[in-house]
Amino acid sequence: MVRLCLALLIFCASFATSKPAHAYAWMIRHGYGQCVQCHVDPSGSGPLTQYGRAMSEILLRTQYSWERRDDEEAKLGQFLFGIVQLPKELDFGGEGRVAEQFTKIENTALDREFLWMQLDGHAAVQVGPFVAVGTLGFAPHAALGAALTRSPDSNLVSREHWLGAWLDDSHSALVRAGRMNLPFGIRTIEHTLGVRSFTNTDINDEQQYGASFAYAGDQLRAEAMGIIGNFQLRPDDFRERGYSAYLEYLPAPHLGFGASSTIVHVKLDEQLLRPEWRHAHGVFGRWSTPWDPLVLLTEWDYVFDSPQYLPRRSGVVGYLQADLEATQGVHFIATGEAANVSTASVPPSWTGWLSYAWFFAPHADIRLDNIYQSLATSSGRTGALTFLVQAHVFL
C-alpha cells in the first residue's frame with residue numbers, strides 16, 4: 001500500500017507543474033537536426049533567437065489561403081508581432097500557458113483542476129561573442145526547484161540565467177556558466193515523461209547551476225556540464241554535484257541518434273534524508289521518415305539510485321513517440337511509455353498518450369492530451385486517466 005500511494009502521488013504531482021515551451025524535437029522533419037539555429041540554448045528549449053521566431057511563423061503554424069505572404073511573411077513571428085523592432089543584440093519574450101485538467105484514478109472520484117502552467121518572461125543579450133540569458137516568472141503552484149521566493153505557493157521563479165561566450169565566428173562552440181537545463185536525452189515539451197522524471201532532467205524546475213561546453217557542428221552536437229548544485233534549494237546538503245552530458249550524431253539532416261550520461265551525488269536526499277548516488281545512462285534517436293508527415297522519437301535510459309544503507313532502485317525507462325503533421329501546424333501525436341524502475345521485483349508500469357496540437361495563429365497554439373497510466377506495484381495494478389486541455393501564447 002505504501003508503494004501504491006507513492007506511485008499515485010508521483011502521478012498526480014507530475015501534472016501539477018508548469019511547462020516551459022518551445023522544445024519541439026520533431027522540427028528535424030524540416031532538416032533542423034541542430035537546435036542552435038532557433039534557440040539561444042544550443043541544446044534547445046527556452047528563449048528563441050530572432051531566426052527561430054521567423055521559423056515559428058514560416059514553418060510551425062498553419063498557413064491560411066487568405067493571408068498575404070510576401071517578403072514580410074515572418075514579421076508576425078517577431079517580438080510583439082513585429083510592432084516593436086528590437087536591435088539584433090537584444091531580444092525579449094514571454095510565455096503564458098493555462099490548462100484545465102481532469103483526472104480519474106481507479107476507485108476514486110473525478111478530479112478537476114484549473115492550472116496556471118506558465119507565466120514567464122525572458123531576455124537575451126548577444127554582443128560580439130558574449131551572450132547572456134535570464135528568465136523570470138510567477139508560479140502559483142509547484143516549480144519549487146526554480147523558486148526565488150520561499151512560499152509553499154505563489155513564488156517568483158527563474159528557470160534559467162547564465163552567461164556564455166562563443167568560441168568561434170560560426171557559433172558552433174559555446175562555453176557558459178549559470179543555471180541551465182541539464183544536457184541529457186531528448187529535450188521535449190512533454191516534461192512529465194518518465195524518462196524526464198526518473199532521470200531528474202525535466203525543463204520545468206530541474207535545472208542546475210554549473211558550467212558547460214556545447215558544440216553544434218554539421219553532423220555532431222554535444223554538451224557536457226559540470227553540476228555544482230541548485231542554489232535555489234536550501235540547505236546546501238540537498239544540492240547535487242556531478243556531471244551530465246549527451247552526444248548526438250546526425251548522419252543525415254533527417255536522422256539523429258545519440259547517448260546520454262549523468263552521475264550525481266547528494267549529501268542528503270530530500271525524501272530519504274541520507275546520502276545518495278544517482279546514475280542515468282541511455283540512448284535516444286530522432287527520425288523524419290521517408291513519409292514526410294511522420295517523425296519518430298525514442299529514448300531509453302537505465303536508472304540506478306543508491307541511497308546509503310537502503311535498497312538500491314534500478315531499472316529501465318523509455319518511450320516511443322510518433323508525430324504526424326497532417327497539415328502544417330496540425331499534429332496528431334501517439335506516445336507509448338514503459339518503466340520498470342524500483343527497489344523490488346514488480347511488473348513494468350506503462351503509459352499511453354494520444355495528443356493533438358494545433359499551432360493555429362501567430363504566437364498561439366492549443367493542445368489536448370489523453371493519458372492513461374497502468375501503475376504496477378507489488379500488490380497489483382492501478383489505472384489512472386488524465387485529460388488535459390492547454391492553451392499557450394508567447395510574445
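In what follows, every heavy atom counts, from backbone to side chain, and hydrogens, waters and symmetry copies are set aside.
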Go through the steps for Y249 and Q219 under the test side chain to side chain contact (heavy atoms under 4.5 Å, CB included), then give the verdict. CA-CA 6 Å; Y249 174 61; Q219 292 185 296; 4.0 Å; yes

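- Checking side-chain atoms of S260 against main-chain N and O of G282 turns up no donor-acceptor pair under 3.5 Å.
- With 3.5 Å as the limit, one finds no donor-acceptor pair spanning the side chains of R61 and Q328.
- In plain terms, the two heavy atoms of S306 and R312 that are nearest each other are OG-NE, 3.6 Å.
- Counting heavy atoms from C-beta outward, R241 and I227 have side chains that stay 4.5 Å or more apart.
- Counted by atom type alone, W300 and T298 present one or more donor-acceptor pairs between their side chains at under 3.5 Å.
- Between Y372 and W350, the distance from one ring center to the other falls under 6.0 angstrom.
- Remark: side-chain polar atoms of T386 are not paired, donor with acceptor, to backbone N or O of T103 under 3.5 angstrom.
- Rounded to the nearest 0.5 angstrom, W277 CH2 and D269 CG are separated by 14.5 Å.
- A single hydrophobic cluster is seen to contain both L90 and V127, as judged by linkage of ILVMFWY side chains at heavy-atom distances under 4.5 Å, directly or through other members.
- Between S288 atom OG and L294 atom CG the span is 8.0 Å, to the nearest 0.5 Å.
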Taking it one step at a time, do H191 and N204 satisfy side chain to side chain donor-acceptor pair (under 3.5 Å)? CA-CA 7 Å; H191 79 99; N204 174 45; 4.7 Å; no

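- With ring centers used as reference points, Y302 lies 6.0 Å or more from H281.
- Looking at S212, its side chain never comes within 3.5 Å of a backbone N or O of M225 through a donor-acceptor pair.
- For G164 against W162, the heavy-atom pair with the smallest separation is N-CE3, 4.0 Å.
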From CA spacing to verdict: side chain to side chain contact (heavy atoms under 4.5 Å, CB included), V98, F114: CA-CA 8 Å; V98 296; F114 176 80; 3.9 Å; yes

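- E325 approaches L59 most closely through the heavy-atom pair OE2-O, 4.5 Å.
- For the pair E190/Y319, no side-chain contact is recorded, criterion being any heavy-atom separation below 4.5 Å from C-beta on.
- With hydrogens and angles ignored, the 3.5 Å screen pairs no side-chain donor or acceptor of R286 with any backbone N or O of W26.
- Within a 6.0 Å sphere centred on CZ of F102, heavy atoms belonging to other residues, nucleotides or ligands number more than 12.
- E248 is not listed as a side-chain neighbour of F257, based on a closest heavy-atom distance of 4.5 Å or more.
- There is a side-chain donor-acceptor pair under 3.5 Å between Q207 and N181.
- Checking side-chain atoms of E299 against main-chain N and O of I186 turns up a donor-acceptor pair under 3.5 Å.
- Hydrophobic clustering places L368 together with L110 (ILVMFWY residues linked when any side-chain heavy atoms are closer than 4.5 Å, directly or through intermediates).
- Looking at R313 and D305, a side-chain N of the basic residue comes within less than 4.0 Å of a carboxylate O on the acidic one, giving a salt bridge.
- Just one residue in the list V131, V125, D91 forms a side-chain contact (heavy atoms from CB on, under 4.5 Å) with V40, and that residue is V131.
- Residues L148 and L136 meet the side-chain proximity criterion, which asks for heavy atoms closer than 4.5 Å.
- In terms of heavy-atom proximity, I203 sits nearest to S45 at CD1-OG, 4.1 Å.
- Considering every non-hydrogen atom in both A143 and R159, the closest pair reads CB-NH2, 4.1 Å.
- Counting heavy atoms from C-beta on, the side chains of I189 and R367 come closer than 4.5 Å.
- Once rounded to the nearest 0.5 Å, the distance linking OG of S355 with CD1 of I333 reads 5.5 Å.
- When only modelled atom types and interatomic distance are considered, Y243 and S261 share a side-chain donor-acceptor pair under 3.5 Å.
- Neither side chain, T149 nor S151, offers a donor N or O lying under 3.5 Å from an acceptor on the other.
- Linking ILVMFWY residues whenever their side-chain heavy atoms come closer than 4.5 Å, directly or via other members, places M55 and L60 in the same cluster.
- Side-chain contact annotation: D120 with T135, donor-acceptor N/O pair under 3.5 Å absent.
- Side-chain contact check for W353 versus L193: some heavy-atom pair is nearer than 4.5 Å.
- Note: D323 CG to L296 CG = 9.5 Å, rounded to the nearest 0.5 Å.
- Contact record, V330 with W358: CG2-CD1, 3.5 Å, taken as the closest heavy-atom pair.
- For D153, the CG atom counts as densely surrounded, since its 6.0 Å shell holds more than 12 non-hydrogen atoms of other residues, nucleotides or ligands.
- Around atom CZ of R274, more than 12 heavy atoms belonging to other residues, nucleotides or ligands sit under 6.0 Å away.
- With hydrogens and angles ignored, the 3.5 Å screen pairs no side-chain donor or acceptor of Q118 with any backbone N or O of R97.
- Between the side chains of S43 and E223, at least one donor N or O lies within less than 3.5 Å of an accepting N or O.
- Between the CG atom in N230 and the CG atom in D205 there is a gap of 8.0 Å [rounded to 0.5 Å].
- Hydrophobic side-chain contacts under 4.5 Å tie V393 to no other Ile, Leu, Val, Met, Phe, Trp or Tyr residue.
- A side-chain donor from one of H161 and Y209 sits under 3.5 Å from a side-chain acceptor of the other.
- Contact of the W287 side chain with the P290 side chain is registered, since non-hydrogen atoms from C-beta on lie closer than 4.5 Å.
- Taking the centre of each ring, Y24 and F359 come in below the 6.0 Å mark.
- Contact annotation: the side chain of R234 approaches that of R239 to within less than 4.5 Å [non-hydrogen atoms, C-beta and beyond].
- The environment of Y309 atom OH is sparse: at most 12 non-hydrogen atoms of other residues, nucleotides or ligands sit within 6.0 angstrom.
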Does the side chain to side chain contact (heavy atoms under 4.5 Å, CB included) test come out yes or no for D41 and E160, once each step is laid out? CA-CA 10 Å; D41 185 331; E160 295 182 73; 3.8 Å; yes

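- Side-chain polar atoms of N155 and R150 form no donor-acceptor pair below 3.5 angstrom.
- Summarising the local packing, CG of D169 is surrounded by 12 or fewer heavy atoms from other residues, nucleotides or ligands at distances under 6.0 Å.
- Of the charged side-chain nitrogens involved, at least one lies within less than 4.0 Å of a carboxylate oxygen, so that E276 and R278 count as a salt-bridged pair.
- Cluster annotation: F394 and V157 are assigned to distinct hydrophobic clusters (Ile/Leu/Val/Met/Phe/Trp/Tyr, side-chain heavy-atom contacts under 4.5 Å, transitive).
- Aromatic rings from F184 and Y246 are positioned such that their centres are separated by 6.0 Å or more.
- Formation of a donor-acceptor pair under 3.5 Å by the E240 side chain with backbone atoms of V266 is not found in this model.
- Considering NE2 of H30 and CD1 of I58, their distance stands at 11.0 Å, rounded to 0.5 Å.
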